[in-house]
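Encoded as structure tokens, here's the structure I'll be asking about.
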Amino acid sequence: MRKIFLLLISSFYLIGCKSQKTDIEKQIDLAGIYFVKDTSEKLEINPDGNYILYNPKGNDHYETEKCVYASKGKWKLLSNDVFEITSEDYQVKQKGFEYELKKENKYSQDSLYINVEFPNDFHPVKLNFYFNNSNNKSIHTESTVIKLLKSKYLLPKSTYSINRNHITFSLDANISGTNLYNGRILFEVFEENVDTEKTNYLTITLPNFDLCFYEFEPYNQEIIFIKNTKELFWKGYVWNKLHN
């Protein structure tokens, strides 16, 4: 009886190992570079669980063509027929969100001045500032140089406390007139408490907010179908595996 019991345990163990090996083999089998016929669309599936969606060439947008990839992140096999991708922005804080905040005190003391600096002239975004989490105390503008009356947007000065104002800064992608846009709509940059009596001039520098970051394509558990070992189906297209 004991021998039969041990034999059963061994059998289950071997079946488990075989199943695990099969999953690994499927993952390696799926790995490769896929492309859409008659286009420059290219998707790289790596056996280490990472993916890269390359930026298509020949789209008549010179600046965009300088960006090597449109998206990258992790992928996971869900079944024989399906796997999912999740882009890196759901796992790490991307460099494009990094900012520097310089605080100064100059010019008229009844106003708050804000200057936003991008790494180049390309910034098709609207700037959003919220003061003390109030929609009524907010401004939405395309201008990078802003002058605001303190009395209209900020808390009144108090004799007994620091005149600290909570400032939230975000950016909206300005996609008006765009037929196809796959990037993010909202970029939440920071929330800061600022003593607006000691500081009335803010310089916000976004050193890495460039075109490639702006047009990065986000995917959260995006499903891609496996037609066979040589073909995928995604975004309404068949992606063919590139032969080595």
**Study point:** Member of Y90, W234, F83, W75 meeting the ring pair (Phe, Tyr, Trp, His ring centres under 6.0 Å) criterion with Y219
**Key:** W234

Check your understanding: Which value, rounded to the nearest 0.5 Å, describes the distance between L148 atom CG and L154 atom CG?
Key -> 7.5 Å

Exercise for review: Starting at OG of S87, measure out to CD of E222 and round the result to the nearest 0.5 Å.
Suggested key: 9.5 Å

Point to revise | Minimum side-chain heavy-atom gap N105-T199 below 4.5 Å | key: no

Review point. Are any of the side-chain heavy atoms of N208 and F97 separated by less than 4.5 Å?
Key: no

**Study point:** Minimum side-chain heavy-atom gap F187-D172 below 4.5 Å
**Key:** no

**Study point:** Exceeds 12 heavy-atom contacts within 6.0 angstrom, atom CD of Q94
**Key:** yes

Practice item. Check the hydrophobic clustering (I, L, V, M, F, W, Y; side-chain heavy atoms under 4.5 Å; chains of links allowed) and say if I167 and V145 are grouped together. Key: no

Review point. What's the shortest heavy-atom distance between Y51 and L53, and which atoms?
Key: CD1-N, 3.9 Å

**Study point:** ring pair (Phe, Tyr, Trp, His ring centres under 6.0 Å), paired with F169, selected from F131, F129, Y99
**Key:** F129

Review point. With a 4.5 Å heavy-atom cut-off, do T203 and L101 have their side chains touching?
Key: no

Review point. Do N163 and N165 come close enough that some side-chain heavy atom pair is under 4.5 Å?
Key: yes

Check your understanding: Considering only heavy atoms from C-beta outward, does the side chain of I45 approach that of Y34 to under 4.5 Å?
Key -> yes

**Study point:** Residues which pass side-chain contact (heavy atoms from CB on, under 4.5 Å) with T168, listed by chain and number, not counting sequence neighbours
**Key:** Y130, N133, H166, E191

**Study point:** Cation-pi check, R184 onto Y214 ring (under 6.0 Å, within 45° of axis)
**Key:** no

Point to revise | Intermediate values then yes/no, side chain to side chain contact (heavy atoms under 4.5 Å, CB included), L30 and I226 | key: CA-CA 9 Å; L30 189 61; I226 305 167; 4.1 Å; yes

Point to revise | Y237 atom OH, neighbour heavy-atom count above 12 within 6.0 Å | key: no

Practice item. Could you walk me through whether K74 and N50 pass side chain to side chain donor-acceptor pair (under 3.5 Å), step by step? Key: CA-CA 4 Å; K74 301 287 186 182; N50 292 297; 3.1 Å; yes

Check your understanding: Do we get K147 above Y113's six-membered ring, with its NZ or CZ under 6.0 Å from the centre and within 45° of the axis?
Key -> no

Practice item. Quick one: name the residues clustered hydrophobically with I223, using the 4.5 Å side-chain heavy-atom rule over I, L, V, M, F, W, Y, and just say none if it's on its own. Key: L78, V82, F225, F233, V238

Review point. With a 4.5 Å heavy-atom cut-off, do K103 and L202 have their side chains touching?
Key: yes

Point to revise | Cation over ring face, K42 and Y54, 6.0 Å, 45° | key: yes

**Study point:** Shortest non-hydrogen contact from P119 toward P207
**Key:** CB-O, 3.5 Å

Practice item. Mind running side chain to side chain donor-acceptor pair (under 3.5 Å) on S134 and N136 for me, showing each step along the way? Key: CA-CA 5 Å; S134 173; N136 295 327; 4.5 Å; no

Practice item. Quick one: pull up CD in E84 and CD in Q221 and give me the separation to the nearest 0.5 Å. Key: 4.5 Å

Revision key, fill the gap. Separation between CD (E217) and NZ (K72), nearest 0.5 Å, reads 14.5 Å

Check your understanding: Take atom NZ in K76; do more than 12 heavy atoms of anything else shown fall under 6.0 Å from it?
Key -> no

Exercise for review: Taking the side chain as every heavy atom from C-beta outward, state whether T39 and W239 have any pair of such atoms under 4.5 Å apart.
Suggested key: no

Check your understanding: Do other residues, nucleotides or ligands put more than 12 heavy atoms under 6.0 Å from the NZ atom of K106?
Key -> yes

